[in-house]
Visitor: 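After the structure tokens below, expect a handful of questions from me.
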Amino acid sequence: MTTVTASRDAAGPASAPSVRPRSRGRLDWRLRFAALSLIWGFSFLLIKVGTDGYAPFQVTLGRLVFGTAVLAAAMAVKRERLPRGVRTWGHLAVAAFLLNALPFSLFAYSELTIPSTLAGICNATSPLWGMALSMVALSEDRPTRVRVAGLGIGFIGVLTVLGAWQGFHGLDATGTAMALLASLSYPIGWIYVRRTLAGSGESHLSLTGAQLLLATVQLAVVTPLFTSVPTSFSLVPLLAIVALGALGTGLAVLLQYGLVAEVGPTTAQMVTYFIPVIATAAGVAVLGESLAWSTPVGAVIVLAGAALTQVRRSA
């Protein structure tokens, strides 16, 4: 959900609209869609498990290392080269920070104090932030009454999830703010990419591989400044980080690109609405996290609002 080719608008998961639908893959797209939903939905559980044994920056760095390794392998198989041009790499560095390094780190830090279920639901607010930002930043993306209504409904859902009528009682404000800021970082990054890298001529795989590489370098510089080398290596958290990177970052990007190429960005972006459902189910079933009635109800309202923000005018 964090690739460099997002240029449809700033209100949905990263996608490659310039890619035209192609012939069907060997595995039915519905199965790949379900796999992508599960991978991204379980990512929040994996972050929680990873932070049980390692610092948030270490979790993020490991995630990026293993995700980059998967993309590097895919590039080698397809004989893709990294993009050229100093300007392109400069834009990719900004995209890497906004779409990978910053939100991944914020989610990891947020889950030190909030449940993975809440983090997953906060992630679903990205389309709402994107809609609000695109109204200001993208002159060609004119709002409609339905989309503005969706924006309002979505934020009512956010207040429901957070239990606003109770004064946000029992809620860690810092952790929740970090998760919401992470979800805000995605559409900011998508708008930046749309303005700077759309139509660059480079392949999706090449740009994404370079983006993850740069994000890895950024975390490799920052992590030693704020953490120390672990004295012991907890196996389960380490395996969670490996899965988070190889599956939740590397393989997921490849699955998403294949879906966009086959069924188009509109269908592929629907995965956004399954992620919080799976994240909530995983957190409750696997981690035993508590679930108040307001959390699922608010999540449904958030998703309904997010879906309305995606409605476009009839041609």
Visitor: Are T88 and L207 close enough that some pair of their side-chain heavy atoms sits under 4.5 Å apart?
Guide: yes
Visitor: Test of understanding: with side-chain contact (heavy atoms from CB on, under 4.5 Å), list the residues that count as partners of L287, not counting sequence neighbours.
Guide: L45, K48, V49, S116, E289
Visitor: Between the main-chain N or O of V271 and the side-chain N or O of S37, is there a donor-acceptor pair closer than 3.5 Å?
Guide: no
Visitor: Begin with the C-alpha distance, continue with both residues' side-chain angles, and end with the deciding distance and a verdict on side chain to side chain contact (heavy atoms under 4.5 Å, CB included) for F33 and V263.
Guide: CA-CA 10 Å; F33 183 96; V263 299; over 6 Å; no
Visitor: Looking at residues at least two apart in the chain, or sitting in another chain, which of them share a side-chain hydrogen bond (donor to acceptor under 3.5 Å, both in side chains) with T113?
Guide: D172
Visitor: Verify side chain to side chain contact (heavy atoms under 4.5 Å, CB included) between T196 and V94, making sure each step is shown before the conclusion.
Guide: CA-CA 10 Å; T196 59; V94 177; over 6 Å; no
Visitor: Please assess L244 against S43 for the test side chain to side chain contact (heavy atoms under 4.5 Å, CB included), listing each intermediate value before the final yes or no.
Guide: CA-CA 6 Å; L244 181 64; S43 291; 3.8 Å; yes
Visitor: Show which residues join L235 in its hydrophobic cluster (side-chain heavy-atom contacts under 4.5 Å, direct or indirect), or state none.
Guide: L239
Visitor: Can you classify the ring geometry of Y186 versus W190 as parallel (below 30°), tilted (30 to 60°) or perpendicular (above 60°)?
Guide: parallel
Visitor: Might you point out which heavy atoms bring S185 and L102 nearest each other, and give the distance in Å?
Guide: OG-CD2, 3.6 Å
Visitor: Give the cluster check for V300 versus L128: same hydrophobic cluster or not, with ILVMFWY residues linked at side-chain heavy-atom distances below 4.5 Å.
Guide: no
Visitor: Looking at CH2 of W40 and OG1 of T249, how far apart are the two atoms once the value is rounded to the nearest 0.5 Å?
Guide: 9.5 Å
Visitor: Consider side-chain contact (heavy atoms from CB on, under 4.5 Å). Of L36, V70, L259, which one does L254 pass it with?
Guide: V70
Visitor: Which pair of non-hydrogen atoms, one from S126 and one from P187, has the smallest distance, and what is that distance?
Guide: O-CG, 3.9 Å
Visitor: Please find the pair of heavy atoms, one from L303 and one from P276, that lie closest to each other, and give the distance.
Guide: CD2-CG, 3.7 Å
Visitor: Can you check whether V193 reaches L99 side chain to side chain, under 4.5 Å on heavy atoms?
Guide: yes
Visitor: Tabulate below the donor-acceptor pairs under 3.5 Å that side-chain atoms of residues 177-184 make, not counting sequence neighbours, or state none.
Guide:
unit_1	atom_1	unit_2	atom_2	d
S183	OG	C122	O	3.4
S183	OG	T125	OG1	2.8
S183	OG	W129	NE1	3.0
S183	OG	L180	O	2.7

Visitor: So do the side chains of I241 and Q58 get within less than 4.5 Å of each other, counting heavy atoms only?
Guide: no
Visitor: Got a sec, which pairs hit ring pair (Phe, Tyr, Trp, His ring centres under 6.0 Å) with one end in residues 67-95, sequence neighbours left out?
Guide: H91-Y192
Visitor: Go through the structure and list residues passing side-chain contact (heavy atoms from CB on, under 4.5 Å) with P237, not counting sequence neighbours.
Guide: Y54, S234
Visitor: Could you list the donor-acceptor pairs under 3.5 angstrom formed between side-chain atoms of residues 212-233 and any protein atom two or more places apart in sequence or on another chain?
Guide:
unit_1	atom_1	unit_2	atom_2	d
T216	OG1	L64	O	3.4
T216	OG1	T68	OG1	3.0
T216	OG1	L212	O	2.8
Q218	NE2	A93	O	3.0
T223	OG1	L219	O	2.7
T227	OG1	T223	O	2.7

Visitor: At their closest point, which heavy atom of S206 faces which heavy atom of E80, and how far apart are they?
Guide: CB-OE1, 4.2 Å
Visitor: Roughly how far, to the nearest 0.5 Å, is the CG atom of L112 from the CG atom of D52?
Guide: 9.0 Å
Visitor: Does Y109 have any ring-ring contact (aromatic ring centres under 6.0 Å, His included) partners at least two apart in sequence or in another chain, and if so, which?
Guide: F57
Visitor: Please list, chain by chain and in numerical order, all residues satisfying side-chain contact (heavy atoms from CB on, under 4.5 Å) with I39, sequence neighbours excluded.
Guide: L247, L251, A252, L255
Visitor: Quick check for you: to the nearest 0.5 Å, what is the distance between T208 atom OG1 and L71 atom CG?
Guide: 6.5 Å
Visitor: With sequence neighbours excluded, tell me which residues meet side-chain hydrogen bond (donor to acceptor under 3.5 Å, both in side chains) with E202.
Guide: none
Visitor: Which distance, rounded to the nearest 0.5 Å, do you find between the CG of L38 and the CD1 of I275?
Guide: 10.5 Å
Visitor: Apart from F66 itself, what residues make up its hydrophobic cluster, given side-chain heavy atom links below 4.5 Å?
Guide: V242
Visitor: Going hydrophobic residue to hydrophobic residue with side-chain gaps under 4.5 angstrom, can you get from I156 over to L118?
Guide: no
Visitor: Please list, chain by chain and in numerical order, all residues satisfying side-chain contact (heavy atoms from CB on, under 4.5 Å) with I153, sequence neighbours excluded.
Guide: I301, L308
Visitor: Over all heavy atoms of both residues, which pair between G154 and V302 is shortest? Give the atoms and the distance, please.
Guide: O-CG2, 3.6 Å
Visitor: Within a radius of less than 6.0 Å around CZ of F97, do more than 12 heavy atoms belonging to other residues, nucleotides or ligands occur?
Guide: no
Visitor: How close do E111 and F44 get, heavy atom to heavy atom, and via which atoms?
Guide: OE1-O, 2.8 Å
Visitor: Check the pair L46 / R63 against side chain to side chain contact (heavy atoms under 4.5 Å, CB included), numbers first and verdict last.
Guide: CA-CA 10 Å; L46 294 174; R63 174 181 188 174; over 6 Å; no
